[in-house]
Visitor: 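Take this structure, written in structure tokens, and hold onto it; I'll ask about it next.
Only heavy atoms go into these numbers, but all of them, side chains included; no hydrogens, no water, no symmetry mates. Residue numbering restarts at 1 for every chain, and letters A, B, ... go by the order of the sequence lines.
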Amino acid sequence: MHQNEIIAFNHELLAWFQQNGRDLPWRRTKNPYYIWVSEVMLQQTQVDTVKPYYDRFITDFATPEALADAPEQSVLKMWEGLGYYSRARNLQQGVREVVEKYDGKLPDDKKKLLELHGIGPYTAGALLSIAFGQPEPAIDGNVMRVMSRVFMIDADIAKAKSKKQFEEVVGKLIAEANPSAFNQALMDLGAMICRPKRPDCPNCPVRRQCKAYSARVQEKYPVKSRPKKATVRCYAIVLVQDQLGRYLIEQRTDSGLLAGFWQFPMVECETNSDLLPAAFRKLASVERLDFHYIHRFSHLVWDLTLYRVDQAIDLPAGVARKWVAVDEFERYPFPVPHLKVIDWLKNLRMNT
DNA sequence: AACACGGGGGC
DNA sequence: GCCCCAGTGTT
């Protein structure tokens, strides 16, 4: 792209953004900590999903010190349902580092930002441009899609090494005068116009600079290889009550999938089998309940069936467990599939 | 470089 | 159903 085209691209993009850019809660603040929170929540998560979480989060954890001092469980509870919970743990760890090392003030230095836990190339670029006005690219899937079309870049955006190409082109394009608006304009363009399917090219402010549009091949971009298929795991979810009517729940380990979350005990079953789980076979009373739920993670599928048993079955040792009343579930972070179980239980109670 | 890591929404 | 999404940490 020639210099005059670069200037035109910037001009058209920023003019469009001024007219059509979204009014988002985290665009109404200059507080780098709030912008940081929003950027972490927005990783792999869409704007409309994030909004209510963001509002609650900055209300309850209004300062870096407040988040640093909070129990991890309360942070996970706040993040409950948003997914990718390591983001929440990493954010809190990063914030604790900022409180320790930088007196609670986010550094405006790329190297220092990248040293913080939970801040990678994207978030560092977003913070440097949006919070600190520095001309740094912030390359995400959105920006890669836009640039793959504008420049007809054939690199597979699913591959890590492809990002370098996109950094280079954005680095040449980025508006030195207003990098914050530039990066956010690209994000809005990607979300509103340059969508994955059926991009709205006739309304695109930079269609005249877009190679794919000129060649009418915009739907061929971006090039992205398919991820491998998710594996399926079958579980029995165990409902067991004590004499006070409380339910047994357990805490997942502090690493791996849904680390630190609470759940009803889960026993893995044979896949594609109607056989009762082996752990249940010697019990006097086992009732299969009218609750079956398929939960899809990106890399894994849970096939869940709910059972009520009359006594605690043999469960693995070394796991934290508690008897908890239905009214007290809200104190604990649960993964969504187990929130569905809680909903089911509450409906059951209402109808009986 | 590949993999692990959640959940919701669009069509 | 399948694909998408404002990525980072670990190995």
Side-chain angles (χ1 to χ4, degrees), chain A residues 21-22 24-27 35-54 76 79-91 93-94 113-131 136-146 156-164 166-167 170 180 182-192 194-199 219 222 224-231 252-253 255-261 263 293-302 333-340:
Chain A
R22 294 172 292 185
L24 302 173
W26 44 90
R27 289 182 178 167
I35 295 171
W36 184 10
V37 170
S38 75
E39 289 301 338
V40 173
M41 288 187 169
L42 287 161
Q43 290 167 12
Q44 314 293 64
T45 309
Q46 292 184 329
V47 163
D48 286 336
T49 307
V50 165
K51 279 180 183 170
Y53 284 89
Y54 171 82
L76 292 178
W79 213 270
E80 179 185 75
L82 200 51
Y84 281 123
Y85 301 102
S86 61
R87 290 182 297 173
R89 272 189 301 277
N90 292 342
L91 173 62
Q93 186 179 332
L113 285 177
L114 287 170
E115 285 169 358
L116 294 168
H117 209 72
I119 295 188
Y122 168 76
T123 306
L127 286 171
L128 289 165
S129 59
I130 298 169
E136 286 287 333
I139 310 297
D140 57 14
N142 224 333
V143 172
M144 287 195 284
R145 182 175 60 257
V146 173
D156 182 350
I157 66 165
K159 307 276 186 204
K161 67 175 178 183
S162 300
K163 208 167 70 171
K164 195 165 162 36
F166 294 94
E167 279 170 359
V170 174
S180 169
F182 179 90
N183 280 338
Q184 295 184 78
L186 276 189
M187 294 169 192
D188 281 9
L189 190 71
M192 300 161 72
C194 198
R195 301 169 299 213
K197 305 285 181 189
R198 302 190 313 107
E219 303 261 10
K224 188 175 186 181
S225 57
R226 293 280 305 274
K228 67 175 184 184
K229 272 178 66 179
T231 55
R252 297 178 65 88
T253 56
S255 68
L257 185 65
L258 299 166
F261 272 66
Q263 62 181 20
Y293 183 67
I294 306 285
H295 189 76
R296 295 166 194 287
F297 302 87
S298 51
H299 58 302
L300 181 68
V301 179
W302 277 359
F334 285 93
V336 162
H338 289 260
L339 292 174
K340 305 272 187 195

Visitor: Using whole Å, report how far NZ of A:K229 lies from C1' of C:dC3.
Guide: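 The distance from NZ of A:K229 to C1' of C:dC3 comes to 15 Å, rounded to the nearest Å.
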Visitor: So, do A:L257 and A:L300 sit near enough that their side-chain heavy atoms are less than 4.5 Å apart?
Guide: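 Yes, side chains in contact.
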Visitor: How many Å lie between NE2 on A:H299 and P on B:dG6, as a whole number?
Guide: 7 Å
Visitor: Rounded to the Å, how far apart are A:L257 CG and C:dG9 C1'?
Guide: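 Answer to the nearest Å: 15 Å.
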Visitor: What is the distance from CE of A:M41 to C1' of C:dG7, rounded to the nearest Å?
Guide: 15 Å
Visitor: Output, in order, the C-alpha distance, side-chain angles, deciding distance and verdict of ring-ring contact (aromatic ring centres under 6.0 Å, His included) for A:W302 and A:F297.
Guide: CA-CA 8 Å; A:W302 277 359; A:F297 302 87; 5.0 Å; yes
Visitor: When all nucleic acid strands are considered with a 4.0 Å heavy-atom cut-off, which category describes A:G190: base, sugar-phosphate, or nothing?
Guide: nothing
Visitor: With sugar-phosphate meaning primed atoms plus P, OP1 and OP2, does A:R226 contact a base, only sugar-phosphate, or nothing at under 4.0 Å between heavy atoms?
Guide: sugar-phosphate
Visitor: Considering only heavy atoms, which members of residues 113-126 of chain A lie under 4.0 Å from some atom of DNA chain B?
Guide: none
Visitor: Using the side chain to side chain contact (heavy atoms under 4.5 Å, CB included) criterion, which residues pair with A:P137? Sequence neighbours excluded.
Guide: A:I139, A:V170
Visitor: Provide, to the nearest angstrom, the distance between the CD1 atom belonging to A:I139 and the C1' atom belonging to C:dC5.
Guide: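 For the pair A:I139 CD1 and C:dC5 C1', the rounded distance is 16 Å.
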Visitor: For a quick check of understanding: with a heavy-atom distance under 4.0 Å over all strands, which category does A:R252 fall into, base, sugar-phosphate or nothing?
Guide: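 Here A:R252 touches no strand at all.
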Visitor: Indicate, with a heavy-atom threshold strictly under 4.0 Å, whether A:W79 touches base, sugar-phosphate, or nothing.
Guide: nothing
Visitor: Please name all residues satisfying side chain to side chain contact (heavy atoms under 4.5 Å, CB included) with A:A158, sequence neighbours left out, ordered by chain then number.
Guide: A:D156, A:K224, A:S225
Visitor: Run the ring-ring contact (aromatic ring centres under 6.0 Å, His included) test against A:Y122 and tell me which residues pass, sequence neighbours left out.
Guide: none
Visitor: Does A:Y84 have any ring-ring contact (aromatic ring centres under 6.0 Å, His included) partners at least two apart in sequence or in another chain, and if so, which?
Guide: none
Visitor: Could you tell me whether A:I157 contacts a base, only the sugar-phosphate backbone, or nothing, with contacts defined as non-hydrogen atoms closer than 4.0 Å?
Guide: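 Contact class for A:I157: none.
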Visitor: Please name all residues satisfying side chain to side chain contact (heavy atoms under 4.5 Å, CB included) with A:T45, sequence neighbours left out, ordered by chain then number.
Guide: A:T49, A:V50, A:L82, A:R87
Visitor: If a pair satisfies salt bridge (charged side-chain N to carboxylate O under 4.0 Å, His left out) and one of its residues is in residues 39-50 of chain A, list it, with sequence neighbours excluded.
Guide: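 Matches after skipping sequence neighbours: A:D48-A:K51.
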Visitor: Using whole Å, what does the distance between atom C1' of nucleotide C:dG7 and atom CG of A:L42 come to?
Guide: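 Spelled out: CG on A:L42 to C1' on C:dG7 is 11 Å.
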Visitor: Can you tell me the distance, in whole Å, between the NZ atom of A:K224 and the P atom of C:dC4?
Guide: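 Rounded to the whole Å, the gap is 5 Å.
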Visitor: Give each protein N/O atom lying under 3.5 Å from an N/O atom of nucleotides 7-11 of chain B, with the pair distance.
Guide:
{"residue": "B:dG7", "atom": "OP1", "partner": "A:Y85", "partner atom": "OH", "Å": "2.7"}
{"residue": "B:dG7", "atom": "OP1", "partner": "A:V336", "partner atom": "N", "Å": "3.3"}
{"residue": "B:dG7", "atom": "OP2", "partner": "A:H295", "partner atom": "NE2", "Å": "2.9"}
{"residue": "B:dG7", "atom": "O3'", "partner": "A:G81", "partner atom": "O", "Å": "3.1"}
{"residue": "B:dG7", "atom": "N2", "partner": "A:Q44", "partner atom": "O", "Å": "3.4"}

Visitor: Side chains of A:Y85 and A:L76: closer than 4.5 Å at any heavy-atom pair?
Guide: yes
Visitor: Using salt bridge (Lys or Arg N to Asp or Glu O under 4.0 Å) as the criterion, list what pairs up with A:E80, not counting sequence neighbours.
Guide: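 For A:E80 the salt bridge (Lys or Arg N to Asp or Glu O under 4.0 Å) partners, ignoring immediate neighbours, are A:K77.
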Visitor: Between A:E39 (CD) and C:dG7 (P), how many Å, whole number?
Guide: 9 Å
Visitor: Quick check: on DNA chain B, is the nucleotide nearest A:A259 upstream (toward 5') of the one nearest A:K228, or the reverse? Name the residue that is more 5'.
Guide: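 Nearer the 5' end of the strand: A:K228.
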Visitor: Suppose we screen for salt bridge (Lys or Arg N to Asp or Glu O under 4.0 Å). Which residues come up paired with A:E219, at least two apart in sequence or across chains?
Guide: none
Visitor: Pick the P atom in B:dG8 and in C:dG9, then give their distance to the nearest Å.
Guide: 24 Å
Visitor: Would you please name every residue forming a side chain to side chain contact (heavy atoms under 4.5 Å, CB included) with A:D188, sequence neighbours left out?
Guide: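 Here the qualifying residues are A:W16, A:F17, A:R22, A:R27, A:M192.
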Visitor: Would you classify A:V47 as touching base, sugar-phosphate or nothing, given that sugar-phosphate means primed atoms plus P, OP1 and OP2, and contacts are heavy atoms under 4.0 Å?
Guide: base
Visitor: Output the pairing pattern of DNA chain B as a dot-bracket string, 5' first, Watson-Crick or G-U wobble with both distances under 3.5 Å, | for cross-strand pairs, [ ] for crossing pairs.
Guide: |||||.|||||
